[in-house]
Amino acid sequence: MAKIQNIKGMRDHLPPAMMLRQYITSTITQVCERYGFEPLQTPIVEYAEALEGKLGDDESLIYRFEDHGGRRLALRYDQTVPLARVVAQYAGQITLPWRRYALGPSYRGERPARGRYREFYQADADIVGSSSPLADAEIVAMLSEALAALGFPDFVTLLNHRQIIGGIARVSGLDAAAAGGVYRAIDKFDKIGAQGVTDELLRSGVSAEAAAHILALVQIEGSSAEILAELEARLTHDARALSAIENLRAIIHGLEQMGVPANRYKVAPRLARGLSYYTGMVFEAITPHWPEGSLLGGGRYDELVGQFAGRSIPTVGLAFGIDRLHDVMEELNLGPRPTTTAVAYVTCFSPELAAESLALAAELRAAGVNTLINLDGGGLGKQFKEADRKGVRYALVIGPDEVARGEVVVKDLRDGTQRTVERTTVATQYLASSVRKSTDPGH
């Protein structure tokens, strides 16, 4: 018999993991909607041609196949290309600027690793149709609020601009064709270090002098204002880079006006982002507590939507990687750790009182209390143990005396205490605090 297992790089999520993941997605959704973003859902399958030619070197990771009619299809690589298709396809139904968020799985045929999977879930948020630096600032402000709401400590969002990197390449003597190699090499800086980037640049045909100049510029340190001032002085003859510097200044000014703490963002000249469709600001959120990569990232991509729509439509967005956030939160012990969705467990005192137990469970559920009920009988001790194993906090007993008096015995399985409560108020008063917790994300 063949070994029973899931596909490598694709995971099963059992209830405890799913409850944490639901907490993450619920928190992100709430933040998105506070900023006025609207939900969108697209199929996980697209025509292959919709994805091809838009992902640069990563295009080899697309899962492609043919259906029974011989049509070339592909599994969704991310939420961005489907967004571009939707904006073009439903142009008459969408009012720009449009703030949208989308949640769902994507697929990439890459080597699985810690925090990196072949099937992974993303929560994307994008602003379509605005070139204002305030749109960029709003995206960064929203990600900062979401990470704070999830409890991440000491995170910072690194900011850069594609035209700053392009300017660094140009003032180092490289042409437009060679600049692409600079993006790819610099994007690996935190993984392979300065020497590794130098070696990669040299292998791509960049001279030793140009490589040294590039490395010196991307390693400029200081405050955001100091870094931008130094870049402005070094790139003074490159108009596109100077414009990008002013754009970053405007974005940072927007973040200040939106109240985002200054220690939550910083200009980082070495940040490149690998995807080829970025055209403006790029960013990644990192934390020193997770040294294996960024928590999430995004940027401005003003040309991708236009490839579908036939006209320029400026867009900026981000992608929360739910799997990575889940893995980091588990490691750092962030977020709630419920083991069940239920608050109450209604015992069955005896077969003769089964109807009373069923009625009590129905009353609790109608009042908004998530409730399990005993199905297989047995003594109360056995039923208490079952409720405790499932992680339910309260076990409720309704025997003949309780029925006669209109009462319920409530046992707190955490501390072992119990008390008698009026049946009409057990949900609305005694269990009220636990009911509120159970409706919070992730409980």
Side-chain angles (χ1 to χ4, degrees), residues 25-56 62 71 73-107 120-146 162 247 250-251 254-255 258 273 275-283 296-322:
T25 57
S26 295
T27 300
I28 292 171
T29 296
Q30 289 172 6
V31 172
C32 286
E33 293 186 352
R34 277 202 294 270
Y35 279 74
F37 283 64
E38 300 168 340
L40 171 70
Q41 181 173 312
T42 62
I44 64 168
V45 178
E46 297 276 352
Y47 286 111
E49 63 185 25
L51 277 66
E52 293 168 346
K54 302 173 180 68
L55 303 172
I62 297 174
R71 288 172 286 266
L73 306 177
L75 293 182
R76 183 168 58 203
Y77 180 89
D78 61 15
Q79 299 277 3
T80 305
V81 174
L83 169 64
R85 174 187 57 75
V86 165
V87 171
Q89 186 172 342
Y90 301 96
Q93 302 176 41
I94 295 172
T95 301
L96 300 181
W98 180 37
R99 294 170 172 86
R100 90 83 170 90
Y101 70 90
L103 174 67
S106 297
Y107 300 85
F120 56 96
Y121 280 69
Q122 290 179 306
D124 278 28
D126 298 82
I127 301 176
V128 183
S130 175
S131 58
S132 169
L134 289 179
D136 301 61
E138 185 170 281
I139 287 289
V140 176
M142 191 170 68
L143 88 82
S144 184
E145 186 171 329
R162 272 300 178 89
N247 181 250
I251 292 168
L255 291 171
M258 293 176 187
R273 298 287 291 164
L275 291 174
S276 62
Y277 52 63
Y278 289 119
T279 59
M281 177 196 71
V282 290
F283 59 86
L296 68 140
R300 176 165 286 279
Y301 52 102
D302 285 348
E303 306 302 328
L304 180 61
V305 176
Q307 292 183 37
F308 289 86
R311 59 189 176 92
S312 179
I313 302 179
T315 306
V316 60
L318 63 83
F320 294 94
I322 304 304

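A donor-acceptor pair under 3.5 Å links the side-chain atoms of Thr315 to the main chain of Ile313, judged by distance alone.
Note that CG of Asn247 is 14.5 Å distant from CZ of Arg162, once rounded to the nearest 0.5 Å. Residue Leu83 holds its CG atom at 14.5 Å from OH of Tyr101, rounded to the nearest 0.5 Å. Annotation: the span from Leu40 atom CG to Tyr90 atom OH amounts to 9.0 Å, rounded to 0.5 Å.
By the side chain to side chain contact (heavy atoms under 4.5 Å, CB included) test, Ala137 is found to be paired with Ile251, Leu255, Met258, residues two or more places apart in sequence or in another chain being considered. Under the side chain to side chain donor-acceptor pair (under 3.5 Å) criterion, Glu49 pairs with no residue at all, not counting sequence neighbours. Judged as a side chain to side chain contact (heavy atoms under 4.5 Å, CB included), and not counting sequence neighbours, the contacts of Pro105 are Ile44, Arg76, Tyr107, Glu119, Tyr121. Every residue two or more places apart in sequence or in another chain was checked for a side chain to side chain donor-acceptor pair (under 3.5 Å) with Gln79, and none qualifies. Considering only residues two or more places apart in sequence or on other chains, Tyr35 meets the side chain to side chain donor-acceptor pair (under 3.5 Å) condition with Glu145. With sequence neighbours excluded, the residues satisfying side chain to side chain contact (heavy atoms under 4.5 Å, CB included) with Ala123 are Ile28, Leu103, Phe320, Ile322. Every side chain to side chain contact (heavy atoms under 4.5 Å, CB included) that Ile62 has, sequence neighbours left out, goes to Leu51, Leu55, Glu59, Arg64, Ala74, Tyr77.
The nearest pair of heavy atoms linking Gly317 to Phe283 is O-CZ, 3.5 Å. The minimum heavy-atom distance between Gly297 and Arg273, with the atom names listed, is C-NH2, 3.5 Å. The shortest heavy-atom contact between Pro97 and Ile127 is CB-CG2, 4.4 Å. Scanning both residues, Tyr278 and Gly298, for their nearest heavy atoms gives OH-CA, 3.5 Å. Nearest heavy atom pair, residue Val31 against residue Ala146, reads CG2-CA, 4.0 Å.
Enclosure of atom CD in Gln41 is not indicated, since only 12 or fewer non-hydrogen atoms of other residues, nucleotides or ligands lie within 6.0 angstrom.
With a 4.5 Å cut-off on side-chain heavy atoms, Gln89 and Phe308 do not count as touching.
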What's the verdict on side-chain contact (heavy atoms from CB on, under 4.5 Å) for Val140 and Met281, showing C-alpha distance, side-chain angles and the deciding distance? CA-CA 11 Å; Val140 176; Met281 177 196 71; 4.0 Å; yes

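Residue pairs meeting the side chain to side chain donor-acceptor pair (under 3.5 Å) criterion with at least one member in residues 302-312, sequence neighbours excluded, are Arg300-Asp302. Among pairs with a residue in residues 122-135, those fulfilling side chain to side chain donor-acceptor pair (under 3.5 Å) read Arg100-Asp126, Ser106-Gln122, Asp126-Tyr301, at least two apart in sequence or across chains. Applying the salt bridge (Lys or Arg N to Asp or Glu O under 4.0 Å) definition to pairs two or more places apart or across chains, those involving residues 79-95 are Glu46-Arg85.
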